[in-house]
Amino acid sequence: MVVQSNLSTLNHCSSIETRKPATVLDSIPSINLKDPESKTHIMKACEEYGFFKVVNHSVPMEFIAKLETQALEFFNLPQSEKDKAGPPDPFGYGSKRIGSNGDVGWIEYLLLNTNPQVTSLKTLTVFRENPEIFRSAVKEYIEAVKLMAFEVLELIADGLKIEPRDTLSKLLKDENSDSCFRLNHYPPCPELQALSGRDLVGFGEHTDPQIISVLRSNSTSGLQICLKDGVWVSVPPDETSFFINVGDALQVMTNGRFKSVRHRVLANSHKSRVSMIYFGGPPLSEKIVPLTSLMGKQEESLYKEFTWWEYKTSAYKSRLADYRLGLFEKKTHQVQAIE
Ligand SMILES: C=C1C[C@]23C[C@@]1(O)CC[C@H]2[C@@]12CC[C@H](O)[C@@](C)(C(=O)O1)[C@H]2[C@@H]3C(=O)O
Ligand SMILES: O=C(O)CCC(=O)C(=O)O
Ligand SMILES: [Fe+2]
């Protein structure tokens with residue numbers, strides 16, 4: 001990303017009016033994975049926020065640090081080098097444009113497929129420029145984070161009293177799981193101060209379409225989540241912990257008991273933010289339906305039946321801020337919602 005130092009550059013990105021300073025959410029549920037009560041806390045967090053922090057996890061800090069160094073090494077390459085790994089299709093290197101439907105942000109990123117059988121040519125370009133070190137840093141990080149995601153999904157299954165307890169995690173363990181991985185870099189934006197009263201959007205508001213996302217960032221703030229009452233709150237960064245987002249697919253599988261969390265990232269005027277996110281999705285052919293054992297006797301699904309492929313195809317045609325699940329809700333419930 002070429003960081004040009006003039007205000008006209010900022011006109012290409014969206015800016016939003018925000019209350020300054022934004023409320024900082026110091027009550028973010030923090031789940032200690034080693035706590036025997038963690039499943040109860042996770043349930044509350046998923047129902048209240050669709051979001052929580054994970055501490056006392058077993059992902060080695062060394063893996064995290066190594067990948068962050070590699071990511072920065074990549075993002076510090078000359079623009080012409082980075083462009084060789086783009087444009088994203090959706091995998092590969094992207095700058096300022098997010099997705100292919102007109103969304104923009106103060107960001108550059110690498111989007112990678114975690115399924116080694118489908119590594120795209122562009123991804124290979126990234127690795128060829130920085131051969132084995134980058135590739136192995138990505139691999140060891142994803143492997144460790146996946147284990148943590150499985151553990152979290154098994155605790156969720158326990159909390160929901162779903163049997164077997166790998167009902168959810170097996171969707172991510174499947175060799176055909178349609179998961180992906182993203183390295184985001186938000187360069188500092190000193191001109192931001194001139195946009196008095198406004199904030200520059202790094203990554204616009206959205207929900208993640210998958211089952212869960214596991215996010216780790218450096219110590220630069222910027223992430224905000226939207227609470228049930230529509231208020232946006234800042235999430236204090238914590239470089240040693242992970243943040244979990246409930247995704248749209250998990251909202252459907254719990255028939256709306258859990259809500260996917262709306263979140264966004266605002267640019268920072270003087271510090272760069274680096275984040276790494278694993279998006280755990282099911283195999284493309286998987287039917288995304290409420291889990292039978294969760295449904296009450298008379299309870300009906302709020303959603304039409306669809307496969308992950310159908311949802312993902314539709315999601316990737318949408319704009320970031322769209323309410324993607326709307327197209328898959330049963331009409332009767334939409335009418336009820338309006339009444
Ligand atoms: C604007 C878009 C970018 C996105 C695909 C989409 O059309 C709508 C969903 C977006 C999102 C959000 C979560 C993840 O970052 C992502 C990789 C995903 O699966 O859905 C992105 C997509 C993307 O960047 O291509
Ligand atoms: O970069 C971040 O902290 C969050 C980005 C995000 O929400 C995403 O990539 O889907
Ligand atoms: Fe996201």
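Since this is a predicted model, take the numbers as computed values, not measurements. First listed ligand is number 1; within each ligand, the first listed atom is number 1.
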Quiz item: According to the interplanar angle, ranging from 0 to 90°, do the rings of F75 and H185 count as parallel (below 30°), tilted (30 to 60°) or perpendicular (above 60°)?
Solution: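 Rings of F75 and H185: parallel, as their planes differ by under 30°.
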Which ligand 1 atoms does [X] reach within 4.0 Å, using its non-hydrogen atoms?
X    : result
A315 : 6 (C), 7 (O), 8 (C)
I98  : 1 (C), 3 (C), 24 (O)
R182 : 14 (C), 15 (O), 16 (C), 17 (C), 21 (C), 23 (C), 24 (O)

Quiz item: Between T207 and ligand 1, is there a nitrogen or oxygen pair with a distance under 3.5 Å?
Solution: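 T207 vs ligand 1: no N/O contact under 3.5 Å.
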Quiz item: When only distance counts, is K317 in polar contact with ligand 1, meaning an N/O pair under 3.5 Å?
Solution: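 No.
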Quiz prompt | Region of K312 that comes within reach of ligand 1 [heavy atoms, distance under 4.0 Å] | solution =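 For K312, there is no contact with ligand 1 at all, from either part.
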Quiz prompt | ligand 1 versus N101: contacting region, heavy-atom distance under 4.0 Å | solution =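 For N101, the contact with ligand 1 is made by the side chain alone.
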Quiz item: Linking I/L/V/M/F/W/Y whenever any side-chain heavy atoms sit under 4.5 Å apart, do F181 and L147 land together?
Solution: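 In one cluster: yes.
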Exercise. Applying side-chain contact (heavy atoms from CB on, under 4.5 Å), run through L112 and R182 and close with a yes or a no.
Key: CA-CA 6 Å; L112 308 175; R182 177 169 210 135; over 6 Å; no
Quiz item: Taking the Fe ion (ligand 3) as the center, what protein N, O or S atoms are found at less than 2.8 Å?
Solution: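 For the Fe ion (ligand 3), the protein N, O and S atoms that sit under 2.8 Å away are H206 NE2, D208 OD1, H263 NE2.
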Quiz item: What residue and heavy atom of the protein are closest to atom 3 (C) of ligand 1, and at what distance?
Solution: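 So the nearest neighbour among protein heavy atoms is G99 CA, 3.7 Å.
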Quiz item: Any idea which protein heavy atom is nearest atom 7 (O) of ligand 1, and the distance to it?
Solution: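 Among all protein heavy atoms, the one nearest atom 7 (O) of ligand 1 is S318 O, 2.9 Å.
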Quiz item: Contact residues of ligand 2 with a heavy-atom cut-off of under 4.0 Å?
Solution: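 Residues near ligand 2: R182, N184, Y186, F203, H206, D208, L215, H263, V265, R273, S275, I277, F279.
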Practice problem: Quick one: pull up CD in E239 and OG in S217 and give me the separation to the nearest 0.5 Å. | Solution: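 Between atom CD of E239 and atom OG of S217 there are 8.0 Å.
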